[in-house]
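Every heavy atom of this structure was used, including side-chain atoms; hydrogens, water molecules and symmetry mates were not. Predicted model, so just to flag it, every value in this text is computed and none were measured. For the single chain, residues carry numbers from 1 onward in sequence order.
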Amino acid sequence: MKKKYFVGLITLVMLVSFQTNAQVDVTFKVDMTGQPVDANGVHVVGSINGWNTSANQLTQEGVSNIYSTVIQLSEGWYEYKFLNGNAWGTEESANYPCAPSNGNRFVSINNTLPNVTLEAVPFNGCNASGTGFEIIFNVDMSSEGTVPVGNVRIAGWFNGWNDSNLSLPDVNGNFHSATLRLPTPSNYPVTLEYKYVNNGNWETPDADCATVNNSNRVITLNNSRDAVYDVFNACNYVLSTEDFTANSIKITYNKTERLLNFYNDGFNNDITQVRLFDFTGKPIKTIEDKVSISDIEIDFQSQADGVYFVRIESSGRQLVKKILIY
């Protein structure tokens, strides 16, 4: 009886260990169009293989320009890049938004699928917008005053908590934004743990925030183009928040002149800010310190047709309106 119990215990331990260290077959792909392929072949290098330049050679898929290989990986974040050869000096030079970390690409692997095929990416470039998994970071830096372009950076799991290689290049008023494009499928969940850094000063968001754990921001995004809306050293802002009634402010749109105007007698004073976002949550425009709401006018001459969100703040309250520009 004791012997059977011992064998059963060993089996259970092995099963738990296997599940904990379960690996995923990940197919890496690169498009070598326009690249004379080196005689030593195409390789991939990174934290996926201990940065060994010759460990994983890719195989040409038929007569196409696509080269691929399968590597088993455990759950987690990895950095990598492709080589047109098998030694340093033959590596590609991709950049934002798919490889902002010293030219290294990012990939996040979870245990939801046993096999994952990554998007084929062009050597030296990024896969097109709308392919793979895109994450849109937005952070409100109002509490820090005017912050120069490039001063706000993100550090987290994905870049080894390096605060110098992933900046938020899009700036509109106090809002800083960046897109990170991963090669994973668009419906492949991604878990992020990160925080923002302003010119070397790391934020310490409130532990009471729903998306903060041990002073780090932690969030899982389930679909590509999902966006995060953070406030530096604080929690989040939410585009759907509504603190006064939906009919309290009226909006009119002049299609001919592509102008948006506002009016309402009840909220004509103390309009702190009006903020315009596109459908992804990216800040487009900020209007501040308007005495009367009738003074607010937004020109869409330089903006594309589509859905936008207008967020109005007045006396500590806020209202979000969805509008269609056509």
Side-chain angles (χ1 to χ4, degrees), residues 21-135 154-162 164-166 179-186 188 190-192 224:
N21 298 292
Q23 293 196 310
V24 179
D25 286 338
V26 183
T27 302
F28 289 80
K29 293 191 173 192
V30 62
D31 186 342
M32 298 299 291
T33 299
Q35 303 290 331
V37 176
D38 188 87
N40 291 311
V42 179
H43 291 73
V44 63
V45 64
S47 55
I48 57 176
N49 59 9
W51 298 96
N52 187 328
T53 60
S54 60
N56 296 98
Q57 183 172 352
L58 283 69
T59 302
Q60 184 178 14
E61 295 187 351
V63 295
S64 72
N65 292 314
I66 305 298
Y67 288 70
S68 63
T69 189
V70 177
I71 300 176
Q72 286 195 328
L73 296 175
S74 300
E75 186 175 5
W77 280 88
Y78 299 88
E79 293 184 52
Y80 68 100
K81 59 178 57 177
F82 293 102
L83 308 175
N84 189 4
N86 63 355
W88 292 114
T90 65
E91 68 270 19
E92 61 176 344
S93 298
N95 212 315
Y96 180 85
C98 67
S101 176
N102 300 324
N104 295 339
R105 302 178 186 273
F106 295 117
V107 66
S108 172
I109 300 301
N110 59 50
N111 58 8
T112 59
L113 295 173
N115 306 299
V116 177
T117 298
L118 304 183
E119 190 74 26
V121 297
F123 191 86
N124 281 330
C126 296
N127 48 300
S129 178
T131 64
F133 196 109
E134 291 185 319
I135 303 166
I154 306 174
W157 279 352
F158 42 83
N159 62 355
W161 296 98
N162 188 327
S164 64
N165 58 24
L166 179 52
T179 298
L180 181 61
R181 189 176 303 157
L182 305 177
T184 46
S186 61
Y188 188 74
V190 173
T191 297
L192 298 162
S224 179

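- With sequence neighbours excluded, no residue forms a side-chain hydrogen bond (donor to acceptor under 3.5 Å, both in side chains) with N95.
- For the atom pair CG of N159 and CG of L166, the computed distance is 6.0 Å after rounding to the nearest 0.5 Å.
- Qualifying side-chain hydrogen bond (donor to acceptor under 3.5 Å, both in side chains) partners for S54, counting only residues two or more places apart in sequence or in other chains: N52.
- Side-chain contact between V30 and F28 is absent, with no heavy-atom pair separated by less than 4.5 Å.
- Within the 4.5 Å cutoff, the side chain of N84 has heavy atoms near those of the V37 side chain.
- Inter-residue side-chain proximity for V24 and L113 is flagged as unmet; no heavy-atom pair is nearer than 4.5 Å.
- Within the 4.5 Å cutoff, the side chain of Y96 has heavy atoms near those of the T179 side chain.
- Remark: D25 engages Q72 in a side-chain hydrogen bond (donor to acceptor under 3.5 Å, both in side chains) (not counting sequence neighbours).
- Looking only at atom types and distance, the side chain of N104 has no donor-acceptor partner in the side chain of N102 under 3.5 Å away.
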Please determine whether side-chain contact (heavy atoms from CB on, under 4.5 Å) holds for the pair E75 and N110, giving the CA-CA distance in whole Å, both sets of side-chain angles, and the decisive distance to 0.1 Å.
CA-CA 5 Å; E75 186 175 5; N110 59 50; 4.2 Å; yes
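- Contact of the F82 side chain with the T90 side chain is not registered, since no non-hydrogen atoms from C-beta on lie closer than 4.5 Å.
- Closest approach of P183 and Y80 over heavy atoms only: CG-OH, 3.4 Å.
- Contact of the I71 side chain with the V44 side chain is registered, since non-hydrogen atoms from C-beta on lie closer than 4.5 Å.
- No donor-acceptor pair closer than 3.5 Å links the side chain of W77 to the backbone N or O of L192.
- Pairing each heavy atom of C126 with each of R181, the nearest pair is CB-NH1, 4.1 Å.
- E91 is linked by a salt bridge (Lys or Arg N to Asp or Glu O under 4.0 Å) to nothing, counting only residues two or more places apart in sequence or in another chain.
- Residues V116 and P185 meet the side-chain proximity criterion, which asks for heavy atoms closer than 4.5 Å.
- Under the 4.5 Å side-chain criterion, counting only non-hydrogen atoms from C-beta, Q35 is not in contact with E92.
- Sorted by first and then second residue, the ring pair (Phe, Tyr, Trp, His ring centres under 6.0 Å) pairs with a member in residues 31-56 form an empty list; sequence neighbours excluded.
- Residues satisfying the side-chain hydrogen bond (donor to acceptor under 3.5 Å, both in side chains) test with S68, not counting sequence neighbours, are E61.
- No side-chain donor-acceptor contact under 3.5 Å links N65 to the backbone of D31.
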